[in-house]
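In this text, all values refer to a predicted model and were calculated from it rather than measured experimentally. By convention in this document, chain letters (A, B, ...) are assigned in the order of the sequence lines, proteins followed by strands, and residues within each chain are numbered from 1.
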4 protein chains.
Amino acid sequence: MQNPDDNQIASRRDRRIQRKRQEILAAATRIFAQKGYAAATTKDIANEADIGESTLYSYFASKRDILIAIAKETGEVFDRKFQEARGLENRAALVELLENAMDIFTERLDFTRTLVAEAWIDDEIFENYVMLRLKTIELLIEAFITDRVSSGVFRPVEPGLGARAVMGMFAGIVIPVLRGNEAPFTPEKRHQIAQDVVDVLLDGVRVRHSD
Amino acid sequence: MQNPDDNQIASRRDRRIQRKRQEILAAATRIFAQKGYAAATTKDIANEADIGESTLYSYFASKRDILIAIAKETGEVFDRKFQEARGLENRAALVELLENAMDIFTERLDFTRTLVAEAWIDDEIFENYVMLRLKTIELLIEAFITDRVSSGVFRPVEPGLGARAVMGMFAGIVIPVLRGNEAPFTPEKRHQIAQDVVDVLLDGVRVRHSD
Amino acid sequence: MQNPDDNQIASRRDRRIQRKRQEILAAATRIFAQKGYAAATTKDIANEADIGESTLYSYFASKRDILIAIAKETGEVFDRKFQEARGLENRAALVELLENAMDIFTERLDFTRTLVAEAWIDDEIFENYVMLRLKTIELLIEAFITDRVSSGVFRPVEPGLGARAVMGMFAGIVIPVLRGNEAPFTPEKRHQIAQDVVDVLLDGVRVRHSD
Amino acid sequence: MQNPDDNQIASRRDRRIQRKRQEILAAATRIFAQKGYAAATTKDIANEADIGESTLYSYFASKRDILIAIAKETGEVFDRKFQEARGLENRAALVELLENAMDIFTERLDFTRTLVAEAWIDDEIFENYVMLRLKTIELLIEAFITDRVSSGVFRPVEPGLGARAVMGMFAGIVIPVLRGNEAPFTPEKRHQIAQDVVDVLLDGVRVRHSD
DNA sequence: AATGAATGAGGATTCATTCAT
DNA sequence: TATGAATGAATCCTCATTCAT
């Protein structure tokens, strides 16, 4: 015979725990973004989260576990954003895809920064939390290009290369923001950039000799 | 000057010291590339270089000093390669620029991998050893675009954006190699890629409606 | 005394508290026996007792206090068993003494295992909770021997040595059970062993040349 | 082409390392004997050995490794002492066996104390470093008894029980010394005790009714 | 110049205990 | 009373760096 409130209480407690976990993740993310995972100490994180160092271990099993949790989180945000984008119908859809991608970076700047830094040397993070998602986007763009190549709208470029080119352009623009060397995009800027990238992809920068 | 041979002896000694420094740097580079700077230990490096751990300190003041030396080295290689490329005369020159850039990555893969990883979190490395060089390339490309925009050959794109787009495409193709997920380029592949990137930049992927 | 029931209530509460204490002690004993005192954590004990870790501290002042409580308990059980055995009248009494001792080990195997382990390094435990009781038995046996030596039934052996020999034989048989390397005794085995030990003590293993 | 002294130098260095290892083991043994393995800290050991805490780790891989080294050492001393004692020819041989066993305890008191304490809870230590050796002695005694039982010199006692009895008596006498509650044996005392134990085993304490 | 040895300054993690509810 | 949460104080261990030879 349990108290009728038990469920509510449990969920209230769960929420409290979740909130605390989020706070710690946020703090850890800030620290990781500043010094990188390896140079960050659990003490740094605890101080940033304003809790005792040992309290960390009530919420996460290890320092690495915190990193993984950040990776998972970012992955989930990504998935939520991209689950509907099944196929790119037209140019506008491609632009929107890029805008969405920029959104994630803008919103979760520090998370992503940490993730990218660690993925660079850590194969598990790279494989499971970064590559998996990049592949999603890459495949969408590849399909987009393959489509148009076979219908004769595009020149017979290698779709893989095209996709990489788009992602690369995207990266070239996003990385300075991620790295902290440029201000995050305003929504208008974001839209403009997505447009420009697609423009270059489609038509290049050269003036059409005729048209 | 006690002895007429002093200079020669000194320089012979200098050469020996320089050679040893290079060996240590090479060893360190391999280790850094494997585990990242922070996770690499001086013991790892010494073992790889087949010397005693303390001997490192006869050649470098600290672990960080080794990293900086690697950064300097890579920067110098870069500069040697790019010092003549003062202005990009034509399309071929741009292609060659990209090929040269890919060259460096191919040749000094490990150096670059380490450098990028560290630059991601270390502002000094970033500023002095990475940004400086990227800026060189960026400016060359920007000038190239500005030129053509003002002479009406290119649409009025923002030159900065164009430069970034090129560097991004380049990055998108080079990063998987750097990260170790793809095999380094063969010279033929390299040339092809450079061509393709410039093609996309100039004309995009869309079929010309008329020509 | 506000209420006539107060005493009863108090004693009912006391009993509840006592019961809980016993449960905790039993749980702690099991854990200590498995990992030893130092390696056992309060969390282990709380889990085994199926209570919250902090609840332990409503019943015991510290982890060490739990150990002491176990030691006391075991001591009391011992005393209850040996209080009547004031003097050893005859051979049968000696056999019974040993059987009783084996009884305690059999019944409170885990308690004893822990106790012995801790007594080995902890002087307080050793002095107050182990030595005291061993001395009781030793003195009984010594008196038994002294008696018979002075009445000429025994050779003039040193009674202390004899007592030690008996206790040692006893230990040699009991220790593997305590340590968990042999199964506990059945009542029949127990009786047999006690007989054998006394036999050896009295007559050794050598065949009497005449009798 | 190495220096002719290389071997000597190597062995001198080896000896130095061995000496240091011994010093550390001795220090650790003292500490373990005082507080037990679990309660002893690496800092305690380092202080006792008068070296820095981290220096320990140049000689041993872990705290547990130190314990194992102690166990090995003690085992080897034992083996050296008992390797010749192949079969017990006669009563004198049995006495000598016991004397030798007491020797080990006397010489390496702290080592043994530590070992026994840890064997009580640690199965690996128990199995590989204690049981193995005890078994050696036990089998020797068992064979001794079996022999005499079959030749009719001994009553038909169970040899296993007899062996245990002897080892138990031995333990009963040795344990207080090990535990630090009694002074170590003088050589004379040692001989006397071994004699007495064998006497009791053979003839018990009871006066022969006839002889 | 080269190095084996030594170590101080941490670093991640554990745990007995306290405290607010 | 019971307990989840929090934590300070260790604990084992690592590592960049120094030093004596």
Gap between atoms [atom1] and [atom2], on [X] and [N] respectively (whole Å):
X: A:Asp65; N: E:dA12; atom1: CG; atom2: P; value: 14 Å
X: A:Leu67; N: E:dA12; atom1: CG; atom2: C1'; value: 15 Å
X: A:Ile51; N: F:dG4; atom1: CD1; atom2: C1'; value: 15 Å
X: C:Leu56; N: F:dA5; atom1: CG; atom2: C1'; value: 16 Å
X: D:Asp44; N: F:dT11; atom1: CG; atom2: C1'; value: 11 Å
X: A:Phe60; N: E:dA12; atom1: CZ; atom2: P; value: 15 Å
X: A:Asp50; N: F:dA5; atom1: CG; atom2: P; value: 18 Å

Enter the distance from A:Ile68:CD1 to A:Glu124:CD here, rounded to the nearest 0.5 Å.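 Answer for the CD1-CD pair, A:Ile68 versus A:Glu124, is 4.5 Å.
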How far does NZ of A:Lys63 sit from CG of A:Leu56, to the nearest 0.5 angstrom?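 One gets 11.0 Å once the value is rounded to the nearest 0.5 Å.
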For DNA chain E, the expected dot-bracket line (Watson-Crick or G-U under 3.5 Å, [ ] crossing, | inter-strand) is .||||||||||||||||||||
Using a 4.0 Å heavy-atom cut-off, does A:Ile17 contact any base of the nucleic acid, only the sugar-phosphate backbone, or nothing at all?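 If one applies the 4.0 Å heavy-atom cut-off, A:Ile17 turns out to touch the sugar-phosphate alone, with no base involved.
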Quick one: label C:Arg16 by what it contacts on the DNA or RNA (base, sugar-phosphate, nothing), any heavy atom closer than 4.0 Å.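 C:Arg16: no heavy atom of the nucleic acid under 4.0 Å.
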Please name all residues satisfying side chain to side chain contact (heavy atoms under 4.5 Å, CB included) with D:Ala119, sequence neighbours left out, ordered by chain then number.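 Listed in chain order: D:Ile125, D:Phe126, D:Val130.
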What residues, two or more places apart in sequence or in another chain, satisfy side chain to side chain contact (heavy atoms under 4.5 Å, CB included) together with B:Asp65?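 For B:Asp65 the side chain to side chain contact (heavy atoms under 4.5 Å, CB included) partners, ignoring immediate neighbours, are B:Phe60, B:Ala61, B:Ser62.
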Earlier contact from the 5' end, DNA chain E, for B:Tyr59 and D:Tyr59: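 The residue mapped nearer the 5' terminus is B:Tyr59.
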At under 4.0 Å between heavy atoms, how does the protein contact nucleotides 15-21 of chain E? Give one character per nucleotide, 5' to 3', with B, S or -. BBBBB--
Tell me which residues in residues 20-30 of chain C lie within less than 4.0 Å of DNA chain F, going by non-hydrogen atoms.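 DNA chain F contact set from residues 20-30 of chain C: C:Lys20.
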What pairs meet the side-chain hydrogen bond (donor to acceptor under 3.5 Å, both in side chains) rule with one or both residues in residues 51-61 of chain D, with sequence neighbours excluded?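 Only D:Thr42-D:Glu53 qualify under side-chain hydrogen bond (donor to acceptor under 3.5 Å, both in side chains).
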Sequence neighbours excluded, which residues qualify as salt bridge (Lys or Arg N to Asp or Glu O under 4.0 Å) partners of A:Asp122?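 By the salt bridge (Lys or Arg N to Asp or Glu O under 4.0 Å) rule, A:Asp122 matches A:Arg64.
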Going by salt bridge (Lys or Arg N to Asp or Glu O under 4.0 Å), name the residues that satisfy it together with B:Glu73, two or more places apart in sequence or in a different chain.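 Only B:Arg108 meet the salt bridge (Lys or Arg N to Asp or Glu O under 4.0 Å) criterion with B:Glu73.
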N/O donor-acceptor pairs under 3.5 Å from side chains in residues 23-36 of chain A, not counting sequence neighbours:
| residue | atom | partner | partner atom | Å |
| --- | --- | --- | --- | --- |
| A:Thr29 | OG1 | A:Leu25 | O | 2.6 |
| A:Arg30 | NH1 | A:Glu48 | OE2 | 2.4 |
| A:Lys35 | NZ | A:Asp44 | OD2 | 3.0 |

Pairing residues for D:Asn47 by the side chain to side chain donor-acceptor pair (under 3.5 Å) criterion, not counting sequence neighbours: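 For D:Asn47, no residue satisfies side chain to side chain donor-acceptor pair (under 3.5 Å) once neighbours in sequence are set aside.
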Identify, with sequence neighbours excluded, every residue that meets side chain to side chain donor-acceptor pair (under 3.5 Å) alongside A:Asn128.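 Counting only residues at least two positions away or on another chain, A:Asn128 forms no side chain to side chain donor-acceptor pair (under 3.5 Å).
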Does any pair with a residue in residues 112-121 of chain C pass salt bridge (charged side-chain N to carboxylate O under 4.0 Å, His left out), and if so which ones, sequence neighbours excluded?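 Matches after skipping sequence neighbours: none remain.
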